[in-house]
Number of protein chains: 2
Amino acid sequence: MEYTIGTQALSTRDIVYRSLKNQILLLELPPGTGISEKEISLKFSVSRTPVREAFVRLAQEGLLAVYPQRGTVVSLIDSELVEEARFMREHLERAVIRESCSAFQARNLIDLKANLDKQKLCIEDQDYKEMFMLDEEFHHVIFMGCNKKNTWEVIQQIKVHLNRSRMLKLTADHNWEHLYRQHYGLYEAIEQHNIQQGDQIMQEHMALTIADQEMLMEKYPQYYKQRSAD
Amino acid sequence: MEYTIGTQALSTRDIVYRSLKNQILLLELPPGTGISEKEISLKFSVSRTPVREAFVRLAQEGLLAVYPQRGTVVSLIDSELVEEARFMREHLERAVIRESCSAFQARNLIDLKANLDKQKLCIEDQDYKEMFMLDEEFHHVIFMGCNKKNTWEVIQQIKVHLNRSRMLKLTADHNWEHLYRQHYGLYEAIEQHNIQQGDQIMQEHMALTIADQEMLMEKYPQYYKQRSAD
DNA sequence: ACTACCATACTTGTATGGTAGTATGGTAGT
DNA sequence: ACTACCATACTACCATACAAGTATGGTAGT
């Protein structure tokens with residue numbers, strides 16, 4: 001009874017799901033774009049069944065809006081949802097950093113330091129793409145270090161709704177130096193069990209991710225859901 | 001261009017999805033139960049297609065575990081996930097009550113008071129089923145009152161993983177009187193903008209929902225995922 | 001008695017055809 | 001010119017058929 005689950009090949013459904021999700025998050029499929037099962041099935045040279053099942057998953061995540069017998073569109077960005085996603089992320093990340101400052105696995109602390117060193121290199125090399133990934137990984141390691149794997153997964157789900165508006169903002173204007181100093185401060189707080197410092201820095205750190213929603217809504221009104229009667 | 005979205009009839013897929021989800025959460029389909037698409041499609045007298053799509057959704061929510069070409073089982077309860085669900089819920093509910101204590105919609109404050117009055121009646125009548133629903137609704141109103149509709153939705157998702165172990169505990173041992181006093185305290189805190197009181201009470205309130213996981217794991221080992229090598 | 005093998009009956013995954021509801025563009029009538 | 005109507009071409013939804021992998025039990029061979 002040997003269960004070898006982790007290594008199964010990707011199904012057609014998963015391939016379609018991942019590809020569409022990527023295209024949506026990268027705005028290659030802009031909000032409001034109409035797509036049909038048939039169109040996608042032709043593009044991937046597969047039948048409509050796995051496409052439909054990918055649609056079901058994407059609809060559940062709020063990335064597609066399916067109107068029976070009428071069509072399917074890439075969902076518009078819901079500014080209210082974006083704001084709440086920011087809210088949820090802030091409070092969960094702060095709760096996790098506080099926990100990390102009181103108890104953290106030694107192994108992950110080493111990873112954290114190694115990550116920081118790589119960040120420093122990236123800034124010198126101005127390798128912002130790699131820096132972006134290290135940023136993600138830094139937060140991930142923090143979650144792993146205080147046994148919050150599932151919480152990390154939930155955050156990833158929530159962040160989906162932040163990603164598209166962040167993509168609109170063109171991430172180029174990040175102040176990577178500032179980001180690094182904050183990361184270092186978080187590392188310090190964990191190492192020295194300074195809960196107050198950790199919480200404080202994380203709060204400031206989260207504030208950085210606030211995109212100027214109203215500005216974006218004016219600039220790209222066709223991408224945003226207009227709150228009419230509610 | 002009249003969009004009448006809210007009133008569409010339930011699709012076969014949704015009917016199957018809701019029914020299965022209910023049965024799983026009520027433990028009528030206990031963790032570990034094997035179910036097949038064909039079996040369900042026969043039971044509902046529908047084809048496999050909508051059943052499969054319901055399976056996809058339930059699998060994404062972590063309620064089903066699908067093993068390609070081998071079978072599908074109702075997922076075992078993951079005690080680690082349960083603990084993190086409790087963690088996430090606590091910190092989100094506390095963040096929301098703090099926000100509610102600083103700004104709350106007048107209309108929802110009225111609803112909150114009305115809900116409290118109904119709770120009092122239920123306790124007198126010992127109508128615990130209705131009391132259970134009012135408890136849910138009470139928290140829901142709080143979220144609505146500080147514009148956190150989507151956060152409520154996320155909590156509902158998270159709570160799925162708490163529900164089954166709470167169901168095992170047999171909810172009969174709730175101290176409804178205590179619950180009511182806490183709810184009243186929360187209402188007071190919102191009305192009087194007492195952030196500290198709100199946060200304090202909510203923290204205690206959340207502690208109530210902690211089921212004794214280890215006890216449950218010993219009593220129902222077949223329902224729990226055994227953490228082997230990890 | 002025990003083991004290796006294989007037929008069979010499952011499982012989920014994928015493809016395809018048909019159905020019902022909806023948007024659209026053209027046409028006939030005013 | 002404008003409106004009401006209808007044929008047509010879509011859409012997502014559901015049913016069915018086929019494909020491919022897996023568990024199981026029986027059987028033949030040792």
Side-chain angles (χ1 to χ4, degrees), chain A residues 1-21 24 29 31-76 222, chain B residues 1-21 24 29-76:
Chain A
M1 194 127 81
E2 187 75 20
Y3 283 86
T4 55
I5 295 167
T7 52
Q8 49 189 308
L10 257 60
S11 64
T12 305
R13 172 177 64 207
D14 290 332
I15 293 171
V16 173
Y17 167 75
R18 291 194 186 193
S19 173
L20 287 179
K21 185 166 178 175
I24 292 172
L29 286 173
T33 306
I35 59 176
S36 73
E37 298 169 1
K38 186 159 194 176
E39 168 197 355
I40 302 299
S41 70
L42 288 176
K43 191 171 292 178
F44 283 86
S45 299
V46 296
S47 75
R48 303 196 315 273
T49 304
V51 173
R52 266 183 69 76
E53 292 171 358
F55 275 31
V56 168
R57 294 185 61 181
L58 292 168
Q60 185 158 359
E61 293 184 300
L63 292 176
L64 286 185
V66 178
Y67 304 108
Q69 272 72 44
R70 303 178 59 180
T72 300
V73 298
V74 177
S75 69
L76 296 174
Q222 74 276 22
Chain B
M1 193 126 84
E2 188 74 20
Y3 283 86
T4 54
I5 293 166
T7 52
Q8 48 190 305
L10 257 60
S11 64
T12 306
R13 173 176 64 209
D14 289 332
I15 293 172
V16 174
Y17 166 76
R18 291 193 186 193
S19 174
L20 287 179
K21 185 167 180 176
I24 292 172
L29 287 173
T33 307
I35 60 175
S36 74
E37 298 169 1
K38 185 156 193 176
E39 168 197 354
I40 303 298
S41 70
L42 288 176
K43 192 171 293 181
F44 283 86
S45 301
V46 297
S47 77
R48 274 182 52 215
T49 305
V51 174
R52 266 184 70 77
E53 293 170 358
F55 274 32
V56 168
R57 293 186 62 180
L58 292 168
Q60 185 158 2
E61 294 184 298
L63 292 177
L64 287 184
V66 177
Y67 305 107
Q69 272 70 44
R70 302 179 59 180
T72 300
V73 298
V74 177
S75 69
L76 296 174

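Here the structure is a predicted model, which is why all the values come from computation and not from measurement. Heavy atoms only: backbone and side chains are in, while hydrogens, waters and symmetry mates are out. Protein chains get the first letters and strands the later ones, always in sequence-line order, with residue 1 at the start of each.
In this structure the side chain of B:Phe44 never reaches within 4.5 angstrom of the side chain of B:Val51, judged on heavy atoms. By the 4.5 Å heavy-atom criterion applied to side chains, A:Leu64 and A:Val74 are counted as neighbours.
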What would the secondary structure line of DNA chain D be in dot-bracket form, counting Watson-Crick and G-U wobble pairs under 3.5 Å, with [ ] for pairs that cross earlier ones and | for pairs with another strand?
-> ||||||||||||||||||||||||||||||
Where along nucleotides 10-20 of chain C does protein come under 4.0 Å, by heavy atom, of base (B) or sugar-phosphate alone (S), with - for untouched nucleotides?
-> -BBBBBBBB-B
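Residue pairs meeting the side chain to side chain donor-acceptor pair (under 3.5 Å) criterion with at least one member in residues 32-42 of chain A, sequence neighbours excluded: A:Glu37-A:Arg52.
With sequence neighbours left out, A:Ser47 forms a side-chain hydrogen bond (donor to acceptor under 3.5 Å, both in side chains) with no residue at all. Legend: residues meeting side-chain hydrogen bond (donor to acceptor under 3.5 Å, both in side chains) with B:Glu61, ordered by chain and number and at least two apart, are B:Tyr17, B:Lys21, B:Gln157. For A:Thr49, there are no side-chain hydrogen bond (donor to acceptor under 3.5 Å, both in side chains) partners at least two apart in sequence or on another chain. Checked against salt bridge (Lys or Arg N to Asp or Glu O under 4.0 Å), B:Arg57 has the following partners two or more places apart in sequence or in another chain: B:Asp14.
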